[in-house]
Amino acid sequence: MHRLDTLLALHSVHEDSKWKHVDAREFVEAVCKTSGFGLAQRVVQGAAVLGAVHKFELRADDVPHAMLMSIVVVDGGNGNGGGRGGGGHGHPLRSQSSVSTSRLVCLLCLLCGGTLESKLELCFALADVDRVKRLNEYQASSFFAHNAAAVALAAARAVDHSNSGRYSLQWAVKVWEQQCAQYFKRPHAMLGPDDFQQLVRRAMDIMSAEAVEESLEDDGMRHHG
């Protein structure tokens, strides 16, 4: 399943990102300020995103087309964001586009800087739709399966268009869902911010281990082939 190739592709997307010098949390705060809404807003206008792009002197054209497509819920037609951020010239993010807030944050976690802890705090805040600082199993598992995995897959496939079919994240989704299921076996379990951080880190360790193990097995098969 080329698991290691997928993880290495995601690593290269972050390392090669021209947005890496901007903190993900600061970008999100700029979007919220421009839009007038907090993270509770499920969808944000493309104009607010392009405003943050312009504020930090970034270029939307520097983001792979497939990644931007993965966050756009409704295309904005021929609207133009103007300025350095662009709008309608080479990328699908336009002023009138409707952008998924959850997927936007997932994109920023990949492209921007900031600590893993701060990025996971953003993800938790988005998954916590009830604003009770606790997640149920569906909220925890679906955030990764429906949002993070979609953006990450688009990012990995953008690295090598000619071999995009080799990249998959279904195995990673399965790892996360298994970790969530194990956590929620406890009666009345609810996932708080600290446990969420620990669970994500544990799942990431398992994903890395599985990817390396698969790669070693493939190497062994080639040597004995």
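What you see is a predicted model; the values in this text were computed from it and never measured.
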In this structure, CD of Gln170 is separated from CG of Leu153 (nearest 0.5 Å) by 8.5 Å
* Asked: Are the side chain of Ser208 and the backbone of Met204 linked by a donor-acceptor contact shorter than 3.5 Å?
  -> yes
In this structure, CD of Glu177 is separated from SG of Cys180 (nearest 0.5 Å) by 7.5 Å
d(Asn136 CG, Ser142 OG) to nearest 0.5 Å is 8.0 Å
- Task: Tell me, with the steps shown, if Arg94 and Val72 meet side chain to side chain contact (heavy atoms under 4.5 Å, CB included).
- Result: CA-CA 9 Å; Arg94 308 171 191 274; Val72 174; over 6 Å; no
task: Report, as yes or no, whether the 6.0 Å neighbourhood of atom CD on Gln182 holds more than 12 heavy atoms from other residues, nucleotides or ligands.
output: no
Short side-chain to backbone donor-acceptor contact, Arg25 and Gly114, under 3.5 Å: no
* To do: Check whether any side-chain heavy atom of Ser168 sits under 4.5 Å from a side-chain heavy atom of Thr6, and report yes or no.
  => no
When every non-hydrogen atom of Thr34 is compared with those of Ala48, the smallest separation belongs to CG2-CA, 3.8 Å
Here the pair of heavy atoms bringing Ser102 nearest to Leu126 is CA-CD1, 3.9 Å
Using a 3.5 Å cut-off and no angle test, enumerate the donor-acceptor pairs between side-chain atoms of residues 188-197 and protein atoms at least two apart in sequence or in another chain.
from, atom 1, to, atom 2, distance (Å)
Asp195, OD2, Tyr183, OH, 2.7
Gln197, NE2, Glu117, O, 3.0

| Is there a side-chain contact between Val200 and Phe144 (heavy atoms, below 4.5 Å)? | no
Mind telling me whether Phe27 and Trp19 have parallel, tilted or perpendicular rings, with 30° and 60° as the class edges?
parallel
Here the salt bridge (charged side-chain N to carboxylate O under 4.0 Å, His left out) pairs for residues 124-144, sequence neighbours left out, are none
(request) Is it possible for you to say whether Leu122 and Val129 belong to one hydrophobic cluster, with membership spreading through side-chain heavy-atom contacts below 4.5 Å? (result) no
Cluster overlap Leu50 with Val43, hydrophobic side-chain contacts below 4.5 Å: no
Review point. Are Ile206 and Trp171 connected in the hydrophobic side-chain network, where two residues link if heavy atoms are under 4.5 Å apart?
Key: yes
Review point. Quick check: does any side chain N or O of Thr101 sit under 3.5 Å from a backbone N or O of Arg42, one acting as donor and the other as acceptor?
Key: yes
d(Gln179 CD, Arg201 CZ) to nearest 0.5 Å is 14.5 Å
Cluster check Leu116, Met207: I/L/V/M/F/W/Y, side chain < 4.5 angstrom: yes
Assigning hydrophobic clusters by single linkage (Ile, Leu, Val, Met, Phe, Trp, Tyr; side-chain heavy-atom cutoff under 4.5 Å), is Met69 placed with Val44? no
What one should report as the nearest heavy-atom pair of Gln45 and Ser98 is NE2-OG, 3.8 Å
When every non-hydrogen atom of Ala30 is compared with those of Ala52, the smallest separation belongs to CB-CB, 4.0 Å
Tell me, do His14 and Leu10 make a side-chain contact under 4.5 Å, heavy atoms counted? no
Ala140 and Trp176 have their tightest heavy-atom pair at O-NE1, 2.9 Å
Here the gap from Glu26 atom CD to Lys55 atom NZ, rounded to the nearest 0.5 Å, amounts to 7.5 Å
CG of Leu110 to OG of Ser17, rounded to nearest 0.5 Å, is 9.0 Å
Scanning both residues in full, the closest heavy-atom pair of Ala152 with Leu169 reads CB-CD1, 3.4 Å
So His21 and Leu58, do their side chains get closer than 4.5 Å, heavy atoms only? yes
**Prompt:** Is there a side-chain contact between Val151 and Met67, using heavy atoms and a 4.5 Å cut-off?
**Reply:** yes
Point to revise | Polar side-chain atom of Ser97 near backbone of Leu93 as donor-acceptor pair, under 3.5 Å | key: no
| task | State, yes or no, whether a side-chain contact exists between Arg3 and Ser215 at a heavy-atom distance under 4.5 Å. | result | no
